[in-house]
Q: 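Next up is a structure, given as structure tokens.
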Amino acid sequence: GELQAQAALRAKVLVEPASLSLPRQEADAKFALRAPLTVRNPGTESVTVNLAARLPAMTATVTPATLTLAPGAEQKVSLDVQGGPRSAGYVSGRVTATGAGSPVSAVVGLPIGPPPPARLGEVALTAAKDGVQFTAGAVSTRNGVRSVEPLGNLRLQLVDSAGKVARDLTPVGGARDLLPGEYAYTLTKSARMGLRKGSYSFVARGTGPAGGPELVRKSPSFTVR
């Protein structure tokens, strides 16, 4: 949304964390979960606030629903969410505090169903056959809302004709959180000269931001003579 700096200055309480990610739930199954939040009074006067939660098509409550906080005080509250069977997707809502200055809210996100698959395109050799190029991540628009899907983790390797790894081309553990775009990797002259004669391929392994199954892409082979 749009930043409202003046409203932020008028807020007399803080809800922390400002963005809460709830544990992933199974699709087509009932669930009930609880998560903690903290309401804090950073001011110099006592305040009384009313707390409410809303997640579409779910029952969401905050306990206690009303708080009185002394100056500088804070208190833990519980967000309880119950839902019935629903299809896989992502549900977003808010916990809102009213009654003390401008309303303050924390964003709540709830993933349902298995993690989405990795968005990793086909791995193609460059024209000189000394590297590869591929797409990672995706940008899509649905109902007028643009969604950016990064690639959670990428491992790029060079393998020989037997499938044995000749070189790891990404850092240990892989390259993480790649923004959507076109990517390329080129073997240096010294790296190519260090390879034994034979046939090689590039293999890219990717997972989505939330994990899930690994997607494997393999390039056509090229020969080092």
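Every value quoted in this text rests on a predicted model; they were computed, and no experiment measured them. Counting from 1, the numbers follow the sequence of the chain as shown. Side chains are part of it too, since the values below use all heavy atoms of this structure and drop only hydrogens, waters and symmetry mates.
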Q: State, without any angle test, whether Thr48 and Thr68 hold a side-chain donor-acceptor pair at a distance under 3.5 Å.
A: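 Indeed, the side chains of Thr48 and Thr68 share at least one donor-acceptor pair under 3.5 Å.
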Q: What's the separation between atom CG in Leu187 and atom CG in Leu158, rounded to the nearest 0.5 Å?
A: 6.0 Å
Q: Return yes if some donor-acceptor pair links the side-chain N/O of Arg24 with the main-chain N/O of Gly113 below 3.5 Å, else return no.
A: yes
Q: Take a 6.0 Å sphere around CD of Glu214 and say whether it holds more than 12 heavy atoms from other residues, nucleotides or ligands.
A: yes
Q: Taking the side chain as every heavy atom from C-beta outward, state whether Asp80 and Arg34 have any atom pair closer than 4.5 Å.
A: yes
Q: Compare every heavy atom of Asp28 with every heavy atom of Pro85, then report the nearest pair and how far apart it is.
A: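 That closest heavy-atom pairing would be CB-C, 3.6 Å.
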Q: Locate the shortest heavy-atom distance separating Pro111 from Leu22; write the atom from each residue and the value.
A: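 Taking Pro111 first and Leu22 second, the nearest heavy atoms are CD-O, 3.4 Å.
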Q: If you group Ile, Leu, Val, Met, Phe, Trp and Tyr by side-chain heavy-atom gaps below 4.5 Å, do Val107 and Val13 land in one group?
A: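 No, separate clusters.
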Q: Does some side-chain heavy atom of Leu110 sit less than 4.5 Å from a side-chain heavy atom of Phe31?
A: yes
Q: Taking all atoms of both residues into account, what is the closest heavy-atom pair of Ser46 and Ala70, and its distance?
A: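 Where Ser46 meets Ala70 most closely, the heavy atoms are OG-CA, 3.8 Å.
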Q: Output every pair passing ring-ring contact (aromatic ring centres under 6.0 Å, His included) with a member in residues 160-209, not counting sequence neighbours, ordered by first then second residue.
A: Phe202-Phe222
Q: So do the side chains of Pro64 and Val77 get within less than 4.5 Å of each other, counting heavy atoms only?
A: yes
Q: Show the nearest heavy-atom pair for residues Pro209 and Pro150, with the distance to one decimal.
A: CG-O, 3.3 Å
Q: Measuring from atom NZ of Lys76 to atom CD of Glu16, what distance do you get when rounded to the nearest 0.5 angstrom?
A: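 One finds 9.0 Å between NZ of Lys76 and CD of Glu16.
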Q: What are the two closest non-hydrogen atoms of Leu195 and Arg167, and how far apart are they?
A: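 For Leu195 versus Arg167, the nearest heavy atoms are CD2-NE, 4.0 Å.
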Q: Quick check: does any side chain N or O of Thr170 sit under 3.5 Å from a backbone N or O of Leu156, one acting as donor and the other as acceptor?
A: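 Judged by distance alone, yes, a pair lies under 3.5 Å.
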Q: Which atoms form the tightest heavy-atom contact between Gly43 and Asn41, and what is the distance?
A: N-OD1, 2.9 Å
Q: Using the rule that Ile, Leu, Val, Met, Phe, Trp and Tyr join whenever any side-chain heavy atoms are under 4.5 Å apart, tell me whether Val165 and Leu169 fall into a single cluster.
A: no
Q: Can you find a heavy atom in the side chain of Pro36 that is under 4.5 Å from one in the side chain of Ser78?
A: no
Q: What's the separation between atom OG1 in Thr207 and atom CG in Leu151, rounded to the nearest 0.5 Å?
A: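 Reported value, rounded in 0.5 Å steps: 6.5 Å.
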Q: Could you tell me the separation between the CG atom of Asn153 and the CZ atom of Arg205, rounded to the nearest 0.5 Å?
A: 12.0 Å
Q: Would you say Asp160's side chain and Ala166's backbone share a donor-acceptor pair under 3.5 angstrom?
A: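 No: the side chain of Asp160 does not pair with the backbone of Ala166.
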Q: Spell out, yes or no, whether Leu33 and Met58 are grouped together once hydrophobic residues are joined by side-chain heavy atoms under 4.5 Å, including indirect joins.
A: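 Same cluster.
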Q: With rounding to the nearest 0.5 Å, note down the distance linking CD in Glu122 to NZ in Lys218.
A: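 So the gap between those two atoms works out to 13.0 Å.
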Q: Show which residues join Leu14 in its hydrophobic cluster (side-chain heavy-atom contacts under 4.5 Å, direct or indirect), or state none.
A: none
Q: Tell me whether Leu79 is reachable from Val91 by hopping between hydrophobic residues (I, L, V, M, F, W, Y) whose side-chain heavy atoms are closer than 4.5 Å.
A: yes
Q: Same cluster or not: Leu125 versus Phe134, using hydrophobic residues (I, L, V, M, F, W, Y) connected whenever any side-chain heavy atoms lie under 4.5 Å apart?
A: yes
Q: Within the distance-only criterion (no hydrogens, no angle test), does the side chain of Arg217 pair as donor or acceptor with the backbone N or O of Leu120 below 3.5 angstrom?
A: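 Yes.
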Q: Supply the atom-to-atom distance Arg54 CZ to Thr96 OG1, rounded to the nearest 0.5 angstrom.
A: 10.0 Å
